[in-house]
6 protein chains.
Amino acid sequence: MRPSGRNLDEMRPISIETGVTKHAEGSCLIRCGDTHVLCTASIEERVPPFIKGSGLGWVTAEYGMLPRSTGSRMRREATAGKQGGRTVEIQRLIGRSLRAGTDRVAMGERQITVDCDVIQADGGTRCAAITGGWVALKLAVQKLIKAGELSHDPLEIPVAAVSCGIYAGQPVLDLDYPEDSEAGVDGNFVMTGEKMIEVQMSAEGSTFSRDQMDQLMGLAQKGVAELGRAQMEALG
Amino acid sequence: MRPSGRNLDEMRPISIETGVTKHAEGSCLIRCGDTHVLCTASIEERVPPFIKGSGLGWVTAEYGMLPRSTGSRMRREATAGKQGGRTVEIQRLIGRSLRAGTDRVAMGERQITVDCDVIQADGGTRCAAITGGWVALKLAVQKLIKAGELSHDPLEIPVAAVSCGIYAGQPVLDLDYPEDSEAGVDGNFVMTGEKMIEVQMSAEGSTFSRDQMDQLMGLAQKGVAELGRAQMEALG
Amino acid sequence: MRPSGRNLDEMRPISIETGVTKHAEGSCLIRCGDTHVLCTASIEERVPPFIKGSGLGWVTAEYGMLPRSTGSRMRREATAGKQGGRTVEIQRLIGRSLRAGTDRVAMGERQITVDCDVIQADGGTRCAAITGGWVALKLAVQKLIKAGELSHDPLEIPVAAVSCGIYAGQPVLDLDYPEDSEAGVDGNFVMTGEKMIEVQMSAEGSTFSRDQMDQLMGLAQKGVAELGRAQMEALG
Amino acid sequence: MRPSGRNLDEMRPISIETGVTKHAEGSCLIRCGDTHVLCTASIEERVPPFIKGSGLGWVTAEYGMLPRSTGSRMRREATAGKQGGRTVEIQRLIGRSLRAGTDRVAMGERQITVDCDVIQADGGTRCAAITGGWVALKLAVQKLIKAGELSHDPLEIPVAAVSCGIYAGQPVLDLDYPEDSEAGVDGNFVMTGEKMIEVQMSAEGSTFSRDQMDQLMGLAQKGVAELGRAQMEALG
Amino acid sequence: MRPSGRNLDEMRPISIETGVTKHAEGSCLIRCGDTHVLCTASIEERVPPFIKGSGLGWVTAEYGMLPRSTGSRMRREATAGKQGGRTVEIQRLIGRSLRAGTDRVAMGERQITVDCDVIQADGGTRCAAITGGWVALKLAVQKLIKAGELSHDPLEIPVAAVSCGIYAGQPVLDLDYPEDSEAGVDGNFVMTGEKMIEVQMSAEGSTFSRDQMDQLMGLAQKGVAELGRAQMEALG
Amino acid sequence: MRPSGRNLDEMRPISIETGVTKHAEGSCLIRCGDTHVLCTASIEERVPPFIKGSGLGWVTAEYGMLPRSTGSRMRREATAGKQGGRTVEIQRLIGRSLRAGTDRVAMGERQITVDCDVIQADGGTRCAAITGGWVALKLAVQKLIKAGELSHDPLEIPVAAVSCGIYAGQPVLDLDYPEDSEAGVDGNFVMTGEKMIEVQMSAEGSTFSRDQMDQLMGLAQKGVAELGRAQMEALG
């Protein structure tokens, strides 16, 4: 019934390749099916003015799509002179999600910027960015720990995200682009272990009930558990 | 236990005054406690290029805060040269929410722009904007019906929104600013009748479980029912 | 002869409601006929770099129109990415006018920003903004005096503004929108008591003589006197 | 008593050199003392959308200062990414003034853009720009007439502008920079013959009376008469 | 003597992997040592206004660097709100170079946009972008030929580019970042076969003679010949 | 054979008038045939952050064209909201060229900004800007030397630039606009004495050989020698 032939609760194949760029303190290329996102983490020994002197760290994120990551070429945002509304929304979500899973006291007063650049898009780019972004962040943090700059690991349980939605009347896990563009209801679940950090559900020309919401949360928990295993494997 | 002394499931007083500006096709001033938002609906007999010739209508929204609607003066976005990320996120949410509750075939090929300008802010401005925005939209549509330009009402069940969150460990309904700035988990529920259109939950330095999510959905249903009654009363 | 039936030297009804928003140090809603402007004054204990250390205060103003304050919806300036030429011209005029009526030594080294947002427009918005802006400014200053932060009142004689013009060959006072859009000559007079601070006269497809100019100054003095009484009444 | 030793009602030496650039349809370099402005008029056979099909012409103006036209280097507006408020105000004034002196029916449906670029500034640049801009405009129009594209001259009486102000308690004509930066009251008078088109008076830390205003209008009439003779001479 | 131990006339290892993204009509990932650039070519059946109806095609290019392609994180240009001067210069060079090697009549009235995004930078990114960009362009053109939309191949001899410079007093081929940041003279040679399309030489705190220029041209010819072989191999 | 009737190796008449504006520390108006550029040099006793404290000076340049310096009016860049790609490329070239000819240690820690504004364009504006810009820079430096602020002249051999190209199959020196718009190959040579600082050659719908390149370098050396004499004469 799904265009890809997957079961309702079946994820796309996940692969996370680490160390893909020599300059960044942490990096990975995450592939969720045909959605490929390059994630890098950059450490800076300074923080935004509003937390200066607080002893707390800061994690922030930026998101971009290469112009031809999509079926037809998109305008480059640097040429357009600004980031679009969708981009801003997504990078704020990635930043909040990664911060939520970080012990900012243990991190110390420094900033880590996670850049997520979509090389190829096939639905679920923001979820892939969060999942891969956490791996890049973890690698950067491991580098700080190895260098003796952190005594305590500020990242314990992985943060990962997956989309769920109601496609052709059925709750499905991990929507690809053909499903995403047809689904009446879809959303993103950012979780750390069994607990939720962000839930964003949206209906288009449709609505959903409390029961359906609960079903989707169940699917999301299954998906995030799989993503967590892939994250741990990638980190060795 | 709540700073305002309200019960856990108690809304702030709601008032919706219609016809507050002589130019707009529909308008209201919604007051949810100390949060005051001016909503206007403007009809244009043209649609965005991507639906031209489709016979479908379009509803869009813009959101702004007057510089001194808040405790300390915010920079005017027109001076800053762009709308901030939060503004863009909110106006996209308002637009999607109102479109979700509109029969775009019945509406005919025209556009209605709903402007939501916050006069005074005390938490929950985006929810007030959706709730008041729907009233302004409905008034504009009623004008079209009265003028014989629409044979069928494209707006049936009201769309309204309310915030819920976990404050001091307890699930509470309709957060005001003092609660909002302390809550570890909070979110917004956009609903039409008993059904959900958008759910946006977010944890800051915290997480939430499936059970808590379900409790908050219950509170939201109670709140939206009250808002729906206020909307209907305002429309007479 | 005037579309509204007013006499040549008759102002529109004026109402000034103070204390309309809980956050601002001073605020009022001024109504000159169907022109409604919300004015707030915000105090900051810092001044622009170019007067730092001079001991002088600074008064500045910003002006905006809500998108549907006018007959057909205007583009929101925050979306357009910049303030239009007319907006910039008007807010510079408001700022200069209010500064001209302020004893900047008595004010002390602080800044007060007066925001004037047009809720509904029917001609003469800049004049209403100056007149109402002065009331908001005065209220903010009274707060400083009451708090013992100022020993001397930096605002003595009210600053107010009115438009005059030549409509259908006759000099008229306080043009509304139907007159304003037809008048061959019109202008704005900012005054403090009997003295002038700013005069801006402009002919469109027409010219005016020294005699006519003098007649208009006479009308303006009458109008500003009335506005001064309304300002004083509003302040109690 | 004046820094330059001029009499109260004495203009600076005026020189207007025409045909200073080979590309423009009309051009001149106007020198009012040490204020030098290059004015060009460019004809285009298209009009702005809002008058398309009306048969009317359009005159518009743009104004700029070379970065080192002033005592200390100003930031180039093209680098700053926008025209400042003062620039916008001035170019709107130049455009309105030149349009006011143009018979837009006789001009036919075309646009003439007058560019005024300040090469060296010493006070009164906007007045020099209007005075020189009218000469450039006239030259472009003469070219159209000679080419048989206009049967009727749309420019009859010259438009010129001069500044007046109250300096050291005395009304003075044609302020240079040292006077302009000290004057408590100053303004610009745009006139065509004996009639006024625009009057912009402004007091800084001061006020002015109806009588003073009248005196300044008298001075302005004297100055504009001289400028008109210089314009006519330059045109041969 | 070179930091990498290469001979003076020795290129870095080149690899060109084609078909790296499923959406673009042509794509490759070019690696010149540690400089990695992703190049995609996107076909559009429309041309810029200035050649509409001419029957000629258009090739254009855009260039970007991922924020962490460099040793320390660069600001994302989409966030900065504009492309920097260096970016604009480079993408203009890429576009001119690829156009120079294209028979725009044979191409037909369509546009191909080549996007070059630097994944990892180690000197010579603009040269890699031109060399890889030509491969992506060629693949897109082959697709048009296979689809029967072109009867004649508009791309005959490959276009490639290489840098040369004077490092430690010696002329060297294909500078990497450590050489590039030290070289007193360096430049880029864009060639097609033995002929030159663009030469850009620049001295910093140094100068160069006619003889040295000639030596560098010799090195460039050798390098471009190698690149041409790699391009042909990649295309099979 | 050349449209102007010049010999293949003949420059246009050069004139350099110094001291053309009273405010700038150095200024000249350079005329290369019908190309006229106003150059000013402005000294500031501060340097960009990246060389603060290094004891080195900085020379930078900005370039602009007056809107009607060209055959048809160009859009003013301040109105467009940004400098175009061509402008940025040119001003970066001017800055690099002038810096290359400056002893930045002898200059001391200060910045000189050279503004080059094209009054009238007829090909070769960037070369005229470099040649005239050096004269303005030299004048500013002479002022510093005379004031005893520099003990050693940081500018020894003049920096000048000339264009060369292949027009109608022949190598020609100093292209004017009619040649420039037809030439298949053209470029700019920035030199100091017999040595080169920058070479930028570009072919459009054509290519060039090593031999042709060498011929053009020969022509350039001849042209720059003439420009050097004109620079010296202007400086007296």
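In what follows, every chain begins at residue 1, and chains take the letters A, B, ... in the order their sequences are listed. Note: hydrogens, waters and symmetry copies are ignored here, and every other heavy atom, side chains too, is used.
Heavy-atom pairs under 4.5 Å with chain F peak, among E:Lys82, E:Arg210, E:Gln83, E:Glu198, at E:Arg210.
Contacts between residues 211-230 of chain F and chain E, counted as heavy-atom pairs separated by less than 4.5 Å, involve F:Met213, F:Asp214, F:Met217, F:Gly218, F:Gln221. For residues 58-81 of chain F, heavy-atom neighbours of chain E at less than 4.5 Å comprise no residues at all. Using non-hydrogen atoms only and a strict 4.5 Å limit, the part of residues 160-196 of chain E facing chain F consists of E:Thr192, E:Lys195, E:Met196. Chain E is approached within less than 4.5 Å, heavy atom to heavy atom, by F:Arg86, F:Val88, F:Glu89, F:Arg92, F:Arg96, F:Ala100 from residues 86-113 of chain F, ordered by number.
Contact of the F:Val199 side chain with the E:Phe208 side chain is registered, since non-hydrogen atoms from C-beta on lie closer than 4.5 Å.
Around atom CD of E:Glu156, no more than 12 heavy atoms belonging to other residues, nucleotides or ligands sit under 6.0 Å away. By the neighbour-count criterion of 12 heavy atoms within 6.0 Å, atom CD of E:Glu204 is sparsely surrounded, having that number or fewer from other residues, nucleotides or ligands. Enclosure of atom CD in E:Glu44 by more than 12 non-hydrogen atoms of other residues, nucleotides or ligands within 6.0 angstrom is indicated.
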